[in-house]
Amino acid sequence: MATISFTIPDAQLTRVVNALCVTYGYQDTMGYTGTPPDLVPVPNPETKGQFAKRMIAEHIKNCVKQVEGGAATLQAQQTTNSASDALGIV
């Protein structure tokens, strides 16, 4: 399996991870347990770093889906147009 890697300076890593978390909607908590007034926040078990890495992977997958889906749609349209033209209706 191939690996794609990026080098981010240590001094900039927090900035990059935080930007990805804001962009993709990371939440520090995942709701609450208990009953009012004793609600206790449930911490997100996924760290910001794990979330950022997962969002990068999802972004790459979505790019592939968009490009390949677009190509498949274009091919289907061309096939349908050719089949329709062959109907011989004048």
Quiz prompt | Atom pair CD (E68) and NZ (K65), whose distance is rounded to the nearest 0.5 Å | solution = 11.0 Å
Quiz item: Are R54 and E46 close enough that some pair of their side-chain heavy atoms sits under 4.5 Å apart?
Solution: yes
Quiz prompt | Heavy-atom closest pair, residues P45 and Q50 | solution = O-OE1, 3.9 Å
Exercise. Indicate whether any N or O donor in one side chain lies under 3.5 Å from an N or O acceptor in the other, for S82 and Q78.
Key: no
Exercise. Give, for atom OG1 of T29 and atom CG of N44, the distance between the pair rounded to the nearest 0.5 Å.
Key: 8.0 Å
Exercise. Apply the test side chain to side chain contact (heavy atoms under 4.5 Å, CB included) to residues D28 and K48: give CA-CA distance (whole Å), side-chain angles for both, the deciding distance (0.1 Å), then the verdict.
Key: CA-CA 8 Å; D28 290 318; K48 285 185 172 186; 3.7 Å; yes
Practice problem: Measure the spacing between CD1 of I4 and CD1 of I56 and express it to the nearest 0.5 Å. | Solution: 11.0 Å
Quiz prompt | Sequence neighbours excluded - ring-ring contact (aromatic ring centres under 6.0 Å, His included) pairs with any residue from residues 9-48 | solution = Y26-F51
Quiz prompt | Side-chain (N18) to main-chain (T14) donor-acceptor, under 3.5 angstrom | solution = yes
Exercise. Over all heavy atoms of both residues, which pair between A52 and L20 is shortest? Give the atoms and the distance, please.
Key: CB-CD1, 3.8 Å
Quiz item: Honestly curious: do M55 and I60 fall in one hydrophobic cluster under the side-chain, below-4.5 Å linking rule?
Solution: yes
Quiz item: Mind checking whether T80 and S84 have side chains closer than 4.5 Å, heavy atoms only?
Solution: yes
Exercise. Could you give me the CA-CA distance, side-chain angles and deciding distance for T79 and Q75, then say whether side-chain hydrogen bond (donor to acceptor under 3.5 Å, both in side chains) is met?
Key: CA-CA 6 Å; T79 300; Q75 179 61 47; 3.3 Å; yes
Quiz item: Can you tell me how far the CD atom of Q12 sits from the OG1 atom of T7, to the nearest 0.5 Å?
Solution: 13.5 Å
